[in-house]
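Step one of this worksheet: look at the structure below.
Note on naming: letters A, B, ... go to the chains in the order of the sequence lines (proteins, then strands), and numbering restarts at 1 for each one. Because the structure is a prediction, the values reported are computed rather than measured.
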There are 2 protein chains.
Amino acid sequence: MTARKLTPRGRERRAQLIAYATERFAADGYHPTSVADIVDGLGVGKGVFYWYFSSKEELFIEILRTAQRDLRRRQQRAIEGVEDPVRRVELGVRAGVLWMAEHNDLRRLFEFARTEETFARAMRAGQSVLVGDAVDHLKAAIVEGRLPDRDPEALALGILGVTNVMTTVYFDERREDPEHVADLVVDFCMEGLGARR
Amino acid sequence: MTARKLTPRGRERRAQLIAYATERFAADGYHPTSVADIVDGLGVGKGVFYWYFSSKEELFIEILRTAQRDLRRRQQRAIEGVEDPVRRVELGVRAGVLWMAEHNDLRRLFEFARTEETFARAMRAGQSVLVGDAVDHLKAAIVEGRLPDRDPEALALGILGVTNVMTTVYFDERREDPEHVADLVVDFCMEGLGARR
DNA sequence: GCCGAACTTGACCGTACGGTCAAGTTCGCG
DNA sequence: CGCGAACTTGACCGTACGGTCAAGTTCGGC
């Protein structure tokens with residue numbers, strides 16, 4: 001789609017489509033949700049959809065990219081001005097968990113997007129940025145002797161994994177308090193099972 | 001489907017359908033893979049599919065359930081005769097990682113199945129069994145004072161999360177050595193980042 | 001008040017989907 | 001051999017999908 005000129009009215013309509021589609025995709029899945037479902041749900045004609053998006057796929061990728069950008073911004077804001085690299089990791093994790101709590105639907109979309117090659121590329125790109133951010137802090141912490149010297153990328157992936165599963169189970173299946181979940185994620189990431197070997 | 005009587009030939013055909021469908025579902029996704037794709041790929045008529053399965057959905061759920069059972073058996077075999085609960089956790093995790101390495105396609109199917117309500121029920125059931133197994137060992141370890149006293153379910157979920165993400169990234173995107181990945185997963189699970197606080 | 005760009009409508013198109021079924025073939029067994 | 005159950009075929013069905021488009025409406029700027 002060659003970016004259209006949008007009036008305020010158009011921008012609002014576009015945002016409305018994105019919001020409603022996100023909701024439906026998260027609730028029913030990407031494939032089971034048809035373009036007809038989306039426009040009918042909003043009570044508009046089908047042409048409206050194709051005025052703002054060139055395809056269902058394009059809309060989905062747009063949702064993913066916007067969400068990834070938003071998540072990263074949130075994490076960066078959370079660690080602004082903090083020098084201690086270990087603390088930066090912790091604050092980044094907390095911010096990520098809280099973002100997931102507020103955007104449960106987007107988290108579900110992320111999980112689906114990873115499973116289909118069409119969207120996996122976009123997901124990997126965004127994910128590797130977040131992992132890269134974490135790796136930077138972890139490297140710094142290791143250099144400063146604050147953390148034992150282990151593969152920082154593996155550590156970052158571990159953090160990602162704990163966050164994914166805990167947010168899924170605790171937010172999606174139960175309705176746990178976000179702060180409590182953030183504590184659980186941070187605890188596990190910092191100390192794991194706490195086994196001394 | 002009211003379980004049909006199968007001759008050896010029939011059992012083989014059924015297994016062939018399951019194997020090929022698993023491959024295609026994992027490669028292209030569940031929805032993008034049509035029943036026609038599956039039967040065409042095997043060079044058989046469409047009726048063959050519906051002789052063995054009452055629907056595409058039923059086949060998929062069957063694949064999931066069989067896989068979950070197989071994974072659990074593998075883990076149970078791995079910890080057979082081991083008394084130390086911490087060691088049981090570690091061996092279970094290693095077995096899980098190695099199973100994922102050998103069944104990358106099934107792992108991908110698991111990830112998709114979690115994202116669609118139709119299959120999420122079946123997935124949660126199987127997953128909660130595995131988590132329950134781990135929780136038992138963790139509780140025992142805590143009682144014995146081998147691990148600090150923390151919510152065992154959260155710990156089990158943490159393990160699950162680390163396993164999921166590391167197997168995805170290291171097996172799917174790169175072709176890492178399974179044993180090495182198992183080490184990374186176990187390390188992270190046992191000690192996390194290794195931060196002393 | 002008018003013009004063009006922004007926006008909206010909904011009938012329509014080709015296709016491909018999941019699933020059915022009447023008919024035919026293979027095969028083990030008595 | 002022969003018969004019934006197991007298995008296979010592929011044309012066919014209704015539907016619903018993603019996407020198009022000619023036509024009409026709204027609206028801001030001049």
Pairing string of DNA chain D (Watson-Crick or G-U wobble, both atom distances under 3.5 Å; | = paired to other strand) is ||||||||||||||||||||||||||||||
Across the strands shown, which category fits A/V35 at heavy-atom distances under 4.0 angstrom: base, sugar-phosphate, nothing?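 Sugar-phosphate contact only - A/V35 comes under 4.0 Å of backbone atoms but never of a base.
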Counting any heavy atom closer than 4.0 Å, what does A/K56 reach on the DNA or RNA strands: base, sugar-phosphate only, or nothing? sugar-phosphate
Looking at [options], which one has an atom nearest to any side-chain atom of [X]?
{"X": "B/K5", "options": "C/dC7, D/dA6, C/dC17", "answer": "D/dA6"}
{"X": "B/Y52", "options": "D/dT8, D/dT9, C/dC7", "answer": "D/dT8"}
{"X": "B/K46", "options": "D/dC7, D/dG10, C/dT9", "answer": "D/dG10"}
{"X": "B/R9", "options": "C/dT26, C/dG18, C/dT9", "answer": "C/dT26"}

Answer yes or no: is there a side-chain heavy-atom contact under 4.5 Å between A/V44 and A/R13?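 With C-beta onward as the side chain, the pair touches.
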Nearest atoms (heavy-atom pairs only) where A/K56 meets A/Y30: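 Taking every non-hydrogen atom into account, NZ-O, 3.1 Å.
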In terms of the nearest nucleotide of DNA chain C, which residue is placed more toward the 5' end: B/A36 or A/G47?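 Residue closer to the 5' terminus by nearest nucleotide: A/G47.
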Ion pair present between [X] and [Y], side-chain N to carboxylate O less than 4.0 angstrom?
{"X": "B/E117", "Y": "B/R124", "result": "yes"}
{"X": "B/R87", "Y": "B/E90", "result": "yes"}
{"X": "B/E153", "Y": "A/R174", "result": "yes"}

Verify the contact: side-chain N or O of B/Y50 to OP1 or OP2 of C/dT20, cut-off strictly under 4.0 Å; return yes or no.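 So the side chain of B/Y50 is outside the cut-off, no N or O lying under 4.0 Å from OP1 or OP2 of C/dT20.
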Compare side-chain N and O positions of A/W51 against OP1 and OP2 of C/dT8 and report whether any pair is under 4.0 Å apart. no
Please determine whether residues A/L160 and A/V186 belong to a single hydrophobic cluster, defined as Ile, Leu, Val, Met, Phe, Trp and Tyr linked transitively by side-chain heavy-atom distances below 4.5 Å.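 A/L160 and A/V186: one cluster.
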Nearest-angstrom distance from the residue atom CZ of B/R14 to P of D/dA6: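 Checked: the CZ to P distance equals 15 Å.
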Near DNA chain C, under 4.0 Å by heavy atom, which residues of residues 20-29 of chain A? none
